[in-house]
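These notes concern the structure reproduced below.
All residue numbers in this chain count up from 1 along the given sequence.
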Amino acid sequence: MTTKANFPVTAGSIVVPYGHVIGNEKWRGSEVAQRLQGKVRLIFEDGLGLVDFHLSNRTCILLISEADLVAGDEFKRRLVRFRNASSLRGIVIVEKTQISDQYYSGVQKLVVLELGMVLLPVANQGEASQLIVQLVREQSRDRGANPFLRRQRAPPAEPALLQALQRVPGVGKTKALLLLQRFGSIHRLCNASVTELEQVVGQTVAQQIYTFLHS
């Protein structure tokens with residue numbers, strides 16, 4: 001049996017092995033859970049509270065579905081409670097569909113400008129699962145990376161990641177590809193400075209991207 005010492009702690013009693021995802025029990029049987037099976041090691045647990053999916057490096061996913069957006073403001077209260085109570089790095093994935101599109105600008109304002117969290121729009125739960133898989137793979141690569149070796153060329157980008165980037169104002173497919181070639185991962189893109197972004201997409205679009213991702 002693997003000892004607890006080999007597991008990074010994410011929050012309280014929640015521990016997540018590298019390459020694993022701990023999912024909130026409420027997502028069992030959902031499309032996103034079904035698409036994660038076989039690509040990551042998915043474990044369901046009760047009692048995750050505000051969080052939908054825990055990753056291994058103190059990162060967690062709060063997934064806002066189309067139904068959540070249409071139902072009212074409960075998801076907003078959940079995001080605010082998480083931001084006020086948790087020291088974890090929260091990434092908000094939101095289903096931006098034809099039905100929920102009218103609510104998206106309000107979500108963007110709350111998540112990015114008021115709460116200072118990362119927001120990644122997806123078209124459906126299938127894309128959401130691809131982004132979660134991408135995040136897990138990035139963590140595994142970063143854990144095993146030798147800081148004294150030159151970084152290897154990034155692997156081909158996941159389609160869902162490209163599509164999410166193209167929803168950022170001013171970013172089309174070409175700029176999205178350039179950004180991924182330059183930064184290689186969601187984490188590095190979110191941590192990039194305006195100056196670093198300018199080197200790839202120019203001053204105007206760089207500022208739009210930075211404003212979109214940060215408070």
Side-chain angles (χ1 to χ4, degrees), residues 21 23-24 26-27 29-36 39 50-53 55 59-84 89-135 157-180 183 185-187 189-190 192 194 197 200-202 204-215:
V21 174
N24 195 308
K26 72 179 184 180
W27 290 100
S30 66
E31 180 185 354
V32 65
Q34 291 173 5
R35 289 177 177 268
L36 286 173
K39 297 178 181 177
L50 304 173
V51 172
D52 293 307
F53 297 96
L55 280 59
T59 298
C60 57
I61 304 296
L62 293 96
L63 179 56
I64 310 300
S65 68
E66 177 187 77
D68 291 331
L69 292 173
V70 174
D73 291 338
E74 176 56 34
F75 76 92
K76 295 181 180 179
R77 290 189 283 269
R78 178 163 71 100
L79 292 175
V80 171
R81 289 199 301 270
F82 169 83
R83 190 69 178 88
N84 291 338
R89 181 172 186 269
I91 295 178
V92 179
I93 297 179
V94 59
E95 278 191 89
K96 184 183 180 185
T97 66
Q98 287 185 338
I99 294 174
S100 65
D101 185 65
Q102 59 184 308
Y103 307 102
Y104 183 76
S105 61
V107 177
Q108 183 179 0
K109 180 176 183 292
L110 172 68
V111 173
V112 178
L113 300 181
E114 297 180 21
L115 301 181
M117 298 170 67
V118 174
L119 176 67
L120 296 173
V122 296
N124 50 53
Q125 290 188 22
E127 284 190 13
S129 70
Q130 290 182 48
L131 283 178
I132 293 171
V133 170
Q134 178 81 359
L135 287 165
E158 294 280 355
L161 183 54
L162 273 176
Q163 290 163 7
L165 280 176
Q166 288 176 62
R167 294 188 180 95
V168 178
V171 178
K173 184 174 182 179
T174 300
K175 287 187 173 68
L177 286 169
L178 289 172
L179 287 165
L180 288 173
F183 297 104
S185 73
I186 295 173
H187 289 301
L189 178 62
C190 292
V194 175
L197 293 169
V200 182
V201 294
T204 301
V205 176
Q207 188 59 58
Q208 289 174 330
I209 295 170
Y210 190 86
T211 300
F212 183 85
L213 294 174
H214 301 273
S215 60

Looking at residues at least two apart in the chain, or sitting in another chain, which of them share a salt bridge (charged side-chain N to carboxylate O under 4.0 Å, His left out) with K39?
none

Within-4.5 Å side-chain heavy-atom neighbours: I132 and V21
yes

Minimum side-chain heavy-atom gap F75-V107 below 4.5 Å:
yes

Would you please test L197 and V205 for side chain to side chain contact (heavy atoms under 4.5 Å, CB included) and show each step?
CA-CA 8 Å; L197 293 169; V205 176; over 6 Å; no

Output all residues satisfying side chain to side chain contact (heavy atoms under 4.5 Å, CB included) with Q34, sequence neighbours left out; order by chain, then residue number.
none

Any side-chain heavy-atom pair from L62 and I93 closer than 4.5 angstrom?
no

Checking side chain to side chain contact (heavy atoms under 4.5 Å, CB included) for the pair K26/D52: CA distance, chi angles, key distance, verdict?
CA-CA 8 Å; K26 72 179 184 180; D52 293 307; 2.9 Å; yes

Which of these passes side chain to side chain contact (heavy atoms under 4.5 Å, CB included) with V92: V118, I64, V112?
I64

Could you walk me through whether S30 and Q125 pass side chain to side chain contact (heavy atoms under 4.5 Å, CB included), step by step?
CA-CA 9 Å; S30 66; Q125 290 188 22; 3.9 Å; yes

Between L63 and W27, is there a side-chain heavy-atom distance shorter than 4.5 Å?
yes

Set of residues satisfying side chain to side chain donor-acceptor pair (under 3.5 Å) with respect to S100, sequence neighbours excluded:
T97

Between L115 and R83, the two heavy atoms sitting closest are O-NE, 2.6 Å

Value for CD1 (I91) from CG (L135), rounded to nearest 0.5 Å, stands at 4.5 Å

Contact check, side chains of T211 and L113, non-hydrogen atoms, under 4.5 Å
yes

Going by the salt bridge (Lys or Arg N to Asp or Glu O under 4.0 Å) test, which pairs reach into residues 98-113, not counting sequence neighbours?
K96-D101, K109-E114

So OH of Y103 and CD of E66: to nearest 0.5 Å the spacing works out to 10.0 Å

Between the CD1 atom in I61 and the CG atom in N24, the distance rounded to the nearest 0.5 Å is 13.0 Å

By salt bridge (charged side-chain N to carboxylate O under 4.0 Å, His left out), R35 pairs with (sequence neighbours left out) E31

What residues, two or more places apart in sequence or in another chain, satisfy side chain to side chain contact (heavy atoms under 4.5 Å, CB included) together with R81?
L50, E74, R77, R78

Does atom CD of Q102 have more than 12 heavy-atom neighbours, drawn from other residues, nucleotides or ligands, at distances under 6.0 Å?
yes

Would you check if the side chain of E127 reaches a backbone N or O of A123 as a donor-acceptor pair within less than 3.5 Å?
yes

Does a side-chain heavy-atom distance below 4.5 Å link V32 with F53?
yes

Kindly indicate whether the side chain of V122, heavy atoms from C-beta on, has any atom under 4.5 Å from the side chain of V94.
no

